[in-house]
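A short worksheet on the structure shown next.
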Amino acid sequence: MSQVTESGPSHEVAIDPLDLVAPDRYGRSGAPHDVWTTLRAESPVHWCEPAGFETFWAVTKHADIMEVAGQPEVYSNAHGIVVLNDEQVAANLEGGNPLRDMRTIIEMDPPTHRLYRKVASGFFTPKGIDQLDEIVASSARALVDALGDEGECDFIERIAQRHPLRVLATILGIDRDDEERVLELTQQLFAGDDPDIQRESTSRTEAAKELGTEFYILFDRIINDRRAHPRDDLASLLANAMLPGGEALGPLETFGYYLIVFSAGHDTTRNALSGALAAFVDHPDQLALVGAHPELARCAVEEIVRWTTPVNYMKRTALQDTELRGRQVREGERLTLFYASANRDEDVFDEPFRFDVTRQPNRHLGFGWAEHFCLGAHLARASMHALVQELASRVELLEYAGAPTQTASSFVVGLKTLPVRYRIRPAR
Ligand code: HEM
């Protein structure tokens, strides 16, 4: 039994730490909000030793997560961002996995991190993203149109996964013909332990190697094309990128940039959209409110990110002995910043368990905080805004056509299937 009891004058609390990180538990019951509520109240920085996984401090309060994320010189991303299970730890020691050998900005610390982030940050500014308005709006319109006037579907299959795919494929130069294959690959990349999605292979290490190779072949073709024929898109910017000192990006770093943009952008937006739809089915008044007041759509998008928090946590590693909320954290110890818990923190949010599209202010940490704040936040917001507006202005009826299921993943979390019945007005 992997129960950990933390003793101390005021910190006695028993939780099962597997509830926080074991993918199959998320697959069965979704995010462990009851455990986080206990931890926030009784042991906000809590030592966990889940059987079969790395040990870590679970950080569950909004203020503590901001404190950790705001000190990248003390709490590093460079030692990995997910809590590994024993098999992954062993595979890392083995080496030879192209996905692990690659350096992406999310696993860099300053000062290197800032140099590499600058490579693409110009593209992701609000002004840069405004130029994509047409792409996001036409993707949202076409996908909702394709549903027809009424019927039943799996919302994830038909809309939530296709919308970010179309947007990312466009900015990264992926051909329409390759979209389906890329979708399959990215699902396998983030499958975690979900046996329904996992790639069939001899072992997880083998599967990761094969995936890395397939992505590499695909992106390498685009990189070569954009070097020969640069255009005004992110694909060309990355293919021809120079660091501020004038040094070109190495091949693994260029590939890493493609992969991080694609992988960080796809499943997160998909899960936010599917979680949003489920929230709208559960709270039809909130969808009607946005329909009647389209100016609320931006506010609704922030509430959707808070409510769904698709990036459940990020790991940090202490680079020195330090202290957090009175706890001694030793050099080399890991911390998990549970963004999903911060986004229900009673000290920050009024009635945190209420889905409220008018919530303001909404200081959620769904896009992280400080050094590694989501590079794609403006794009994610624009994509979600387009779809929320499209749905809110056209949906007449929306209800479950079966029970939704959860993905067995504790890192990027959310629904796996979402069967719905709908009636939709034609676009005006
Ligand atoms: C609803 C959708 C999204 C959510 C909830 C989300 C969430 C996050 C979070 C929490 C982080 C911070 C990681 C940390 O603390 O270490 C992050 C980083 C990042 N995100 Fe997003 N993201 C979303 C969409 C996107 C999109 C659409 C893109 C790209 C097109 C993107 C690209 C990135 C990148 C490149 C980073 C790493 C930034 C860095 O290390 O400096 N994300 N995201």
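Both counts, for ligands and for their atoms, begin at 1 and track the order of listing. Computed from a prediction, not measured in an experiment: that's the story for all the values here. Residues take their numbers from the sequence shown, with the count starting at 1.
In summary, the atoms of ligand 1 found under 4.0 Å from a heavy atom of Y339, numbered by their order in the structure, are 10 (C), 14 (C), 15 (O). Numbered from 1 in the order shown, with element, the atoms of ligand 1 that lie under 4.0 Å from a heavy atom of T269 read 2 (C), 27 (C). For ligand 1, the atoms lying closer than 4.0 Å to a non-hydrogen atom of M314 are 13 (C), 14 (C), 15 (O), 16 (O).
Side-chain atoms of N77 do not come within 3.5 Å of backbone N or O of D109 as any donor-acceptor pair.
Under the 6.0 Å cut-off for aromatic ring centres, F255 and F215 do not qualify, their centroids lying 6.0 Å or more apart. Between H113 and H372, the distance from one ring center to the other falls under 6.0 angstrom.
When non-hydrogen atoms are compared, ligand 1 lies under 4.0 Å from neither the backbone nor the side chain of I81. Under 4.0 Å from ligand 1, the heavy atoms of R316 that appear belong solely to its side chain. Counting heavy atoms closer than 4.0 Å to ligand 1, residue F124 contributes side-chain atoms (C-beta onward) but none from N, CA, C or O. With a 4.0 Å cut-off on non-hydrogen atoms, T309 does not touch ligand 1 at all. Looking at R117 against ligand 1, only its side chain comes within 4.0 Å, counting heavy atoms. Here L379 has side-chain heavy atoms under 4.0 Å from ligand 1, and that is the only part of it that gets that close. Residue contacts with ligand 1, taken as heavy atom pairs separated by less than 4.0 Å, involve M384 solely via side-chain atoms from C-beta onward.
Remark: R117 engages no residue in a salt bridge (Lys or Arg N to Asp or Glu O under 4.0 Å) (not counting sequence neighbours). Every residue two or more places apart in sequence or in another chain that forms a ring pair (Phe, Tyr, Trp, His ring centres under 6.0 Å) with W36 is listed here: H33, F338. Considering only residues two or more places apart in sequence or on other chains, D133 meets the salt bridge (Lys or Arg N to Asp or Glu O under 4.0 Å) condition with none of them.
Counting heavy atoms of neighbouring residues, nucleotides and ligands inside a 6.0 Å radius, atom CD of Q360 does not exceed 12 of them.
Using 4.0 Å as the threshold, M108 has no heavy atom nearer than that to any atom of ligand 1. Taking a 4.0 Å cut-off on heavy atoms, L337 fails to register as neighbouring ligand 1. No heavy atom of A69 sits closer than 4.0 Å to any atom of ligand 1.
Of the inter-residue distances, the one linking D233 atom CG with L172 atom CG reads 8.5 Å to the nearest 0.5 angstrom. The CZ atom of R226 lies 11.5 Å from the CG atom of L237; values are rounded to the nearest 0.5 Å. Between atom CG of residue L375 and atom CZ of residue F123 there is a gap of 10.0 Å, rounded to the nearest 0.5 Å.
Take atom 21 (Fe) of ligand 1 and draw a sphere of radius 2.8 Å; the protein N/O/S atoms inside it number 1.
Of the listed residues (H46, R316, E333, R334), just one forms a side-chain contact (heavy atoms from CB on, under 4.5 Å) with W57, and that residue is E333.
Using the six-membered ring where Trp is involved, H283 and W307 have ring planes that are perpendicular, over 60° apart on the 30 and 60° scheme.
The heavy atom nearest to atom 5 (C) of ligand 1, out of those in P110, S383, A382, G366, is found in G366.
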